[in-house]
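Let me begin by presenting the structure, written as structure tokens, before commenting on it.
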Amino acid sequence: MEQTNSDLKPNDARTDDWTARLHRATRATREDWLGRGISYLCIGVIILVVASMLWFITSKGIATFTQNHVNLWKFVSGTNWSPNQGQIGALPMIVGSFAVTFAAAIVATPFAVGTAIFMTEIAPNKGRKFLQPVIELLVGIPSVVYGFIGLAVVVPFMRHLVGGSGFGIISATFVLFVMVLPTITTMTVDSLRSVPRFYKEASLALGATRWQTVSRVILRAATPGILTAIIFGMARAFGEALAVQMVIGNAAIMPKNLISPAATLTSQLTTGIGDTIDGTLPSNALWSLALILLLMSLFFNALVRLIAKRGQLSHER
């Protein structure tokens, strides 16, 4: 019996050693833990930065109503903008921002969809290889270059065509049209290419022409993606500052027509933020305009998510 116990002791020690090795973290496991920790740290930093920006802009934006006791409705619906005199009606800038945004989207959408259809359904490989770098080049051009081109070409052209100063909503619309066109086109191309191939094959097999297949099958299937592209283009146009500032005229008055000088939320921010003192009514009013921009950005993002969710549900059905 003693001999048996002595023989079992080395086996028990060997078993405990293997058990310890199995429970010991390997190098691959430690690397996995390290990578996961770095990922969580980066996510935490991003969340902290976004939350800090939201808190900072919100706290600065509501100071107009909490510290200066300005009526919210008068701020949103007022038409006189003169912060140094206590008049901070933001309606002219809100109307100007929405006017140039919707006008640019309306003008750019047909060109973007047509270009996307040409690239995905009509153009040969050489045509696609030519158009893709052109679109990418338009994306990479700085905003100030678009503004200079608009100032040197669009404004004189509008002055010669319709008279006046040439500055106004329509000049900003032409500049933003070129700026948002690559965004809408690229996302529309991706949406058209994501349509299942058997949709097209089934339509052609039933005797439909190529145009009937494109207009009634492919475009309808890609509608959620196209709407998402349009909204992203509108968000780009709504937040553009420098190029619009150079061609719109920067007049904080209610625009009477498309050729009259106007102002947007971004143009008013860029022109006025350097001439104010922090904590005063003019500074707080500009931060309130920035808060409106932030809320509109959140609205565009929520709208994109809603459209994507609706599109996913329709495809599942």
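The figures that follow rest on heavy atoms only: side chains count, while hydrogens, waters and symmetry mates do not.
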Kindly say whether Ile106 contributes a backbone atom to a donor-acceptor pair with the side chain of Thr109 at under 3.5 angstrom?
no
Counting only heavy atoms not in Phe300, do more than 12 sit closer than 6.0 Å to its CZ atom?
yes
Got a second to check how far Leu91's CG is from Lys74's NZ, nearest 0.5 Å?
15.0 Å
Euclidean distance, Leu289 CG relative to Gln268 CD, rounded to 0.5 Å:
7.0 Å
Mind running side-chain contact (heavy atoms from CB on, under 4.5 Å) on Leu265 and Ile94 for me, showing each step along the way?
CA-CA 6 Å; Leu265 295 170; Ile94 297 175; 4.2 Å; yes
Decide whether Thr185 and Thr115 meet the rule of one side-chain donor and one side-chain acceptor closer than 3.5 Å.
no
Pairwise side-chain contact, Leu192 with Leu219, heavy-atom cut-off 4.5 Å (strictly under)
yes
Counting only heavy atoms from other residues, nucleotides and ligands, does the tally under 6.0 Å from CZ of Phe75 exceed 12?
yes
Taking the side chain as every heavy atom from C-beta outward, state whether Ile218 and Thr213 have any atom pair closer than 4.5 Å.
yes
Tell me, with the steps shown, if Ile135 and Met119 meet side-chain contact (heavy atoms from CB on, under 4.5 Å).
CA-CA 11 Å; Ile135 295 174; Met119 292 177 62; 3.6 Å; yes
Closer than 3.5 angstrom, by distance alone: can the side chain of Thr276 be matched with the main-chain N or O of Pro282 as a donor-acceptor pair?
no
Between Asn80 and Gly89, is there a donor-acceptor pair closer than 3.5 Å when you use the side chain of the first and the backbone of the second?
no
Atom CZ of Phe65 with >12 non-hydrogen neighbours under 6.0 angstrom
yes
CG-CD1 distance between Asp190 and Ile226, expressed to the nearest 0.5 angstrom:
11.5 Å
Counting N and O atoms only, with roles assigned by atom type, does the side chain of Thr266 sit under 3.5 Å from a partner on the main chain of Glu240, one being a donor and the other an acceptor?
yes
Do Leu281 and Val70 pass the side-chain contact (heavy atoms from CB on, under 4.5 Å) test, and can you show the C-alpha distance, the side-chain angles, and the key distance before you say yes or no?
CA-CA 9 Å; Leu281 178 60; Val70 175; 4.1 Å; yes
Would you mind reporting whether Pro92 and Ile253 have side-chain heavy atoms less than 4.5 Å apart?
no
Is there side-chain contact between Ile46 and Val49, with at least one heavy-atom pair below 4.5 Å?
no
Could you tell me if the side chain of Val153 sits less than 4.5 Å from the side chain of Phe148, heavy atoms only?
no
Quick check: closest heavy atoms across Pro255 and Ile169, and the distance to 0.1 Å?
CB-CD1, 3.7 Å
Quick check: closest heavy atoms across Met234 and Thr101, and the distance to 0.1 Å?
O-CG2, 3.4 Å
Could you grab the distance from atom CH2 of Trp287 to atom CD1 of Ile273, nearest 0.5 Å is fine?
6.0 Å
Closest contact, heavy atoms only, Val217 versus Ser203
CG2-OG, 3.8 Å
State, to 0.1 Å, how close Lys256 and Ser260 come at their nearest heavy-atom pair, and which atoms those are.
N-OG, 3.3 Å
Can you check side-chain contact (heavy atoms from CB on, under 4.5 Å) on Ile248 and Phe167, steps first, answer last?
CA-CA 5 Å; Ile248 200 170; Phe167 296 95; over 6 Å; no
Centres of the Phe238 and Phe98 rings: under 6.0 Å?
yes
Does the side chain of Leu176 come within less than 4.5 Å of Val244's, by heavy atoms?
yes
Would a hydrophobic clustering, with Ile, Leu, Val, Met, Phe, Trp and Tyr connected at side-chain separations under 4.5 Å, put Val139 with Ile184?
no
Taking it one step at a time, do Phe157 and Phe174 satisfy ring pair (Phe, Tyr, Trp, His ring centres under 6.0 Å)?
CA-CA 11 Å; Phe157 175 76; Phe174 280 120; 7.5 Å; no
Could you tell me whether the side chain of Ser171 and the main chain of Gly166 form a donor-acceptor pair under 3.5 Å?
yes
Would you check if the side chain of Thr186 reaches a backbone N or O of Thr183 as a donor-acceptor pair within less than 3.5 Å?
no
Any idea which heavy atoms bring Gly150 and Val247 closest together, and the distance?
C-CG1, 3.7 Å
Quick check on side chain to side chain donor-acceptor pair (under 3.5 Å): which of Asp278, Asn68, Thr64, Thr66 does Asn284 satisfy it with?
Asn68
Okay, side chain of Thr58, backbone of Trp55: is any donor-acceptor separation there less than 3.5 Å?
no
Between Tyr146 and Leu138, is any pair of side-chain heavy atoms under 4.5 Å apart?
yes
Any Lys200 side-chain heavy atom under 4.5 Å of Val195 side chain
no
Polar contact flag, side-chain donor to acceptor under 3.5 angstrom, Ser267-Thr264
yes
Step through the shown structure and confirm whether more than 12 heavy atoms of other residues, nucleotides or ligands are within 6.0 Å of OH on Tyr40.
no
